[in-house]
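Below is one structure; the comments refer to it alone.
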Amino acid sequence: MRNAQKIQMTIQSLVHEGRFASEKTFLHHRETTVYAHSVHVAEVSLAMASALPISFDTDSLVRGALLHDYFLYHRNESVKTYVLHGYRHPVIAAKNAKADYNINDVEENIIRRHMFPLTPIPPKYREAWVVCIADKCCATVEFLPVRFTGSHLSNNCGYS
């Protein structure tokens with residue numbers, strides 16, 4: 001199965017089972033929605049995993065990448081929320097994901113540990129390490145001004 005198909009099928013499942021589609025209403029990095037960022041991280045994570053000479057649980061990798069920022073709030077609502085967001089949102093995202101989906105240990109670890117080293121406990125699984133690194137790469141690109149990247153990440157990412 002192609003990476004794009006795997007991501008699309010997983011998105012359809014997440015939209016059907018829980019509140020994943022609501023990520024489209026929350027801004028994350030500059031003008032990028034949480035939804036677009038999450039899809040971007042899933043794409044980069046799969047590409048990284050495909051390039052490495054080790055095996056991965058790609059189902060958990062994709063689900064974890066798509067749910068890693070499942071915090072479901074506007075992070076700019078208050079100064080306190082904004083300042084503490086980087087530290088607190090992995091726990092909130094994991095709580096929301098557990099409430100809406102039957103996530104496994106790998107997926108939970110991806111969600112809880114994707115902010116390492118800002119949060120001090122490192123990822124436990126290779127899938128979580130890949131998503132952690134992909135998240136940093138994607139966030140960097142999303143924060144860069146358009147003049148450096150040539151275009152801004154689309155908020156629909158081609159996925160519905």
Side-chain angles (χ1 to χ4, degrees), residues 1-29 32-75 81 84-142 153 155-160:
M1 177 183 304
R2 290 186 7 249
N3 289 354
Q5 289 174 313
K6 179 177 274 300
I7 292 169
Q8 182 62 46
M9 288 177 56
T10 306
I11 289 170
Q12 289 173 353
S13 173
L14 294 174
V15 167
H16 177 72
E17 295 172 33
R19 298 173 284 171
F20 184 73
S22 70
E23 285 191 345
K24 292 178 181 181
T25 66
F26 304 112
L27 285 180
H28 199 26
H29 302 137
T32 305
T33 64
V34 176
Y35 178 90
H37 169 72
S38 298
V39 172
H40 191 200
V41 171
E43 291 169 337
V44 171
S45 295
L46 272 178
M48 288 173 60
S50 297
L52 294 170
I54 52 180
S55 63
F56 290 89
D57 173 354
T58 57
D59 291 338
S60 293
L61 179 78
V62 171
R63 277 176 53 98
L66 290 171
L67 294 171
H68 81 280
D69 279 336
Y70 196 61
F71 49 85
L72 305 176
Y73 60 79
H74 292 284
R75 69 184 210 160
T81 302
L84 297 176
H85 173 77
Y87 301 97
R88 296 168 67 183
H89 82 271
V91 173
I92 295 166
K95 179 182 173 189
N96 289 339
K98 287 175 88 170
D100 288 1
Y101 306 104
N102 183 23
I103 61 171
N104 63 35
D105 291 344
V106 174
E107 294 160 357
E108 183 173 2
N109 190 253
I110 288 169
I111 298 165
R112 287 186 179 273
R113 304 296 177 234
H114 77 275
M115 288 302 291
F116 179 80
L118 183 61
T119 54
I121 303 171
K124 179 179 179 180
Y125 301 99
R126 64 181 65 148
E127 293 83 1
W129 276 106
V130 167
V131 172
C132 181
I133 294 165
D135 181 51
K136 308 302 179 274
C137 295
C138 293
T140 300
V141 169
E142 293 160 11
L153 178 68
N155 273 324
N156 67 18
C157 299
Y159 299 94
S160 52

Restricting to non-hydrogen atoms, name the atom on Ile103 and the atom on Ala94 that form the minimum distance, rounded to 0.1 Å. CD1-O, 4.4 Å
Distance check, rounded to the nearest 0.5 Å: Ile7 atom CD1 versus Leu66 atom CG? 6.5 Å
Are Asn3 and Glu43 close enough that some pair of their side-chain heavy atoms sits under 4.5 Å apart? no
So, for Phe20 and Tyr35, is the gap between ring centers shorter than 6.0 Å? yes
Looking at every non-hydrogen atom in both residues, tell me the closest pair between Gly64 and Glu107 and how far apart they are. N-CG, 4.1 Å
Which residues share a side chain to side chain donor-acceptor pair (under 3.5 Å) with Thr58, sequence neighbours left out: none
Nearest heavy-atom pair of Phe116 and Thr119: which atoms, and what distance? CD1-O, 3.3 Å
Atom of Val130, atom of Ser45 and distance for their closest heavy-atom approach: CG1-O, 3.5 Å
Between Asp100 and Leu67, is any pair of side-chain heavy atoms under 4.5 Å apart? no
Quick one, Asn96 and Arg19 - any side-chain contact, counting heavy atoms below 4.5 Å? yes
Polar side-chain atom of His114 near backbone of Ile111 as donor-acceptor pair, under 3.5 Å: yes
Check whether any side-chain heavy atom of His37 lies under 4.5 Å from a side-chain heavy atom of Glu23, and answer yes or no. no
Give me the atom names and distance for the closest heavy-atom approach of Pro122 to Trp129. CB-CZ2, 3.8 Å
Distance from Leu46 atom CG to Lys6 atom NZ, nearest 0.5 Å? 7.5 Å
Does a side-chain heavy-atom distance below 4.5 Å link Ile110 with Tyr125? no
Answer yes or no: is there a side-chain heavy-atom contact under 4.5 Å between Arg113 and Lys124? no
Tell me, yes or no, whether the heavy-atom count around Lys136 atom NZ, taken from other residues, nucleotides or ligands under 6.0 Å, exceeds 12. yes
Looking only at heavy atoms, what is the nearest atom pair of Arg63 and Leu14, with distance? NH1-CD2, 3.8 Å
Verify, without hydrogens or angle tests, whether Glu127 (side chain) and Asp57 (backbone) share a donor-acceptor contact under 3.5 angstrom. yes
Tyr101: what forms a ring-ring contact (aromatic ring centres under 6.0 Å, His included) with it, not counting sequence neighbours? Tyr70
Quick one: does Asn109's side chain get under 4.5 Å of Asp105's, heavy atoms only? no
Ignoring hydrogens and angles, tell me if any N or O in the side chain of Gln12 forms a donor-acceptor pair with the backbone of Met9 under 3.5 Å. no
Would a 4.5 Å heavy-atom cut-off, applied to side chains only, mark Arg126 and Leu61 as touching? no
